[in-house]
A.B. asks: 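Can you read through this structure? Questions will come right after.
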Amino acid sequence: MKKLFLLIFSIILAFTSCSTTGSSDSNWIYSHHEGDLKEKEDIIYVFENNKGETQSFNMLTDDDFTLQNKLKIGKEFSLEISDGTIVDLKETEKNESSFTPVIEGVPGERTIKNLLSTALSPVGSTLYVYGGGWNWQDDGSGDEARSIGLSEEWLSFFSSQDAGYSFRDERYYPQNGINQIHDKGLDCSGFVGWVLYNVLNIEDGNDGYVGSSTKMARRLSEKGLGEWTQDYGIEDIKPGDIISISGHVWISVGVCSDGSVIALHSTASESREGNEGGGPELSAVAYSTDSEAYRIADYYMSTYYPEWYERYPIALKNPDVYFVTEGEYMGKFSWFIDKDKGLEDPDGYLEMSPEEILRDLFGSL
């Protein structure tokens with residue numbers, strides 16, 4: 001009788017402890033979500049354990065979607081669960097990147113040279129992902145765009161793909177109102193936002209700069225970092241200028257002697273197999289592949305980023321599109337050359353040609 005009582009008591013105790021509060025009995029790999037954030041539906045989060053068993057949970061939600069912004073598809077988490085709701089989670093093993101970029105910026109060094117150095121850091125090793133660099137709810141900077149250095153997720157995703165990658169693939173494109181692989185790469189504004197964060201900060205977690213690409217140039221001027229204008233010609237474009245057009249934002253490396261321009265941006269360029277993939281790269285804003293900008297971009301991408309170049313030719317961007325300033329937001333942002341307000345230029349980059357700048361940046365390699 002005593003043994004029977006103890007058995008019943010232990011069963012009750014086990015059932016109580018499993019159905020209330022505590023950590024899960026195993027680590028869980030995040031699979032996907034079900035429901036539509038945009039439609040304000042209830043969202044269910046689906047995880048899989050190391051036995052291949054799936055389980056769905058609700059998740060605690062605050063105004064900033066703090067827990068949701070930690071989610072990464074395919075990554076393992078330890079979960080703290082209360083009454084079927086995840087109240088906390090932690091990635092069990094966060095790999096630090098051992099990758100050394102060809103060109104590397106210096107966090108917090110506010111110069112034109114460092115802006116371009118930082119913008120070159122993810123070139124050749126990061127893919128274009130729609131919503132990449134944004135947060136989970138798609139209204140601002142994700143954790144990766146508010147972090148110092150390159151993300152291991154970008155590098156791993158690039159390595160897992162080839163010239164057949166397309167950002168429009170249904171596995172990678174936003175579904176149910178949420179881009180579930182926002183941490184795997186960078187779109188145009190995610191790229192510029194990450195660059196700005198790394199130039200203007202020395203630690204993770206501060207306010208980010210990711211937002212509408214069309215409005216980014218004007219928004220930066222409103223932050224007091226420089227001047228915004230719609231009244232400019234090609235001859236007015238300087239190295240480090242940030243230019244917003246409809247649905248895109250890019251950084252200028254400068255104007256070549258023939259009037260062509262080298263752009264440094266994350267763009268969904270076409271692969272050699274005809275798929276829209278791309279990512280951070282040097283492109284030519286010109287009418288012809290015979291332009292100086294195309295020749296220079298082709299040399300540096302083929303010489304220093306051969307794995308990328310095997311997948312992607314140099315993107316030729318139409319000047320009739322890349323210099324449009326319609327509406328109230330598109331335009332050119334130029335930095336205040338001031339150490340307290342904008343960026344300094346001790347290296348004289350503002351007076352250099354794109355070829356001179358790139359020769360200086362890559363010259364020590």
A.B. asks: Return the CD1 to CD1 distance between Ile202 and Ile148, rounded to the nearest 0.5 Å.
C.D. replies: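 One finds 8.0 Å between CD1 of Ile202 and CD1 of Ile148.
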
A.B. asks: Please determine if Lys184 forms a cation-pi arrangement with Phe157, meaning its NZ or CZ atom is less than 6.0 Å from the six-membered ring centre and no more than 45° off the ring axis.
C.D. replies: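 The answer is no, since Lys184 fails at least one limit relative to Phe157.
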
A.B. asks: Do Arg359 and Tyr300 meet the cation-pi criteria used here (NZ or CZ under 6.0 Å from the six-membered ring centre, within 45° of the axis)?
C.D. replies: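 Relative to the ring axis of Tyr300, which defines the angle, Arg359 lies outside at least one limit.
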
A.B. asks: CG of Asp231: more than 12 outside heavy atoms within 6.0 angstrom?
C.D. replies: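 Counting neighbours around CG of Asp231, 12 or fewer heavy atoms of other residues, nucleotides or ligands fall under 6.0 Å, so no.
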
A.B. asks: Are any non-hydrogen side-chain atoms of Ile112 and Trp335 less than 4.5 angstrom apart?
C.D. replies: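 Side-chain contact under 4.5 Å: yes.
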
A.B. asks: Would Asp360 and Lys113 pass as an ion pair if we require N to O under 4.0 Å?
C.D. replies: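 Salt bridge present between Asp360 and Lys113.
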
A.B. asks: For Asp207, I'd like to know if atom CG has over 12 heavy atoms of other residues, nucleotides or ligands within 6.0 Å.
C.D. replies: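 Incorrect, the count does not exceed 12.
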
A.B. asks: Compare all side-chain heavy atoms of Leu343 with those of Leu200 and state whether any distance is below 4.5 angstrom.
C.D. replies: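 In contact.
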
A.B. asks: For residues Pro122 and Phe191, determine if any side-chain heavy atom of one lies less than 4.5 Å from a side-chain heavy atom of the other.
C.D. replies: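 Result yes, sub-4.5 Å side-chain heavy-atom pair found.
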
A.B. asks: Atom OG of Ser121 and atom CG of Asn114: how far apart are they, to the nearest 0.5 Å?
C.D. replies: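 Output value for this atom pair is 8.5 Å.
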
A.B. asks: Run through Trp154, Tyr209, Trp134 and flag the one making a ring pair (Phe, Tyr, Trp, His ring centres under 6.0 Å) with Trp194.
C.D. replies: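 That would be Trp154; it is the only one of Trp154, Tyr209, Trp134 passing the ring pair (Phe, Tyr, Trp, His ring centres under 6.0 Å) with Trp194.
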
A.B. asks: Would you say the side chains of Thr267 and His248 form a donor-acceptor pair under 3.5 Å?
C.D. replies: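 There is no such pair between these side chains.
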
A.B. asks: Could you report the tightest heavy-atom contact between Ser252 and Gly254, atom names first, then the distance?
C.D. replies: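 Heavy atoms only, the tightest pair is OG-N, 2.9 Å.
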
A.B. asks: May I ask you to say whether Glu355 pairs ionically with Arg295, meaning some side-chain N is under 4.0 Å from a carboxylate O?
C.D. replies: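 Yes, Glu355 and Arg295 are salt-bridged.
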
A.B. asks: Using a 6.0 Å cut-off, check whether atom CD1 of Ile44 has over 12 heavy atoms from anything other than its own residue.
C.D. replies: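 Yes, CD1 of Ile44 has more than 12 neighbouring heavy atoms, counting only those of other groups under 6.0 Å.
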
A.B. asks: Atom CD1 of Ile29 and atom CD1 of Ile73: how far apart are they, to the nearest 0.5 Å?
C.D. replies: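 Those atoms lie 12.5 Å apart.
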
A.B. asks: Establish, from distance only, whether the side-chain atoms of Ser257 and Glu292 form a donor-acceptor pair under 3.5 Å.
C.D. replies: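 Judged by distance alone, the side chains do pair up.
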
A.B. asks: Hey, does the Lys NZ or Arg CZ of Arg311 hover above the aromatic six-ring of Phe158, less than 6.0 Å from the centre and inside 45° of the axis?
C.D. replies: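 The answer is yes; both the distance and angle limits are met.
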
A.B. asks: Atom NE2 of His182 and atom CG of Asn69: how far apart are they, to the nearest 0.5 Å?
C.D. replies: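 That separation rounds to 6.0 Å.
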
A.B. asks: Going from CD on Glu76 to OH on Tyr30, what distance comes out if it is rounded to the nearest 0.5 angstrom?
C.D. replies: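 Between atom CD of Glu76 and atom OH of Tyr30 there are 16.0 Å.
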
A.B. asks: Are Ser334 and Lys238 close enough that some pair of their side-chain heavy atoms sits under 4.5 Å apart?
C.D. replies: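 Side-chain contact under 4.5 Å: no.
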
A.B. asks: Please verify the inter-ring angle class for Trp136 with His33; under 30° counts as parallel, over 60° as perpendicular, anything in between as tilted.
C.D. replies: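 If you compare the ring of Trp136 with that of His33, the planes turn out perpendicular.
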
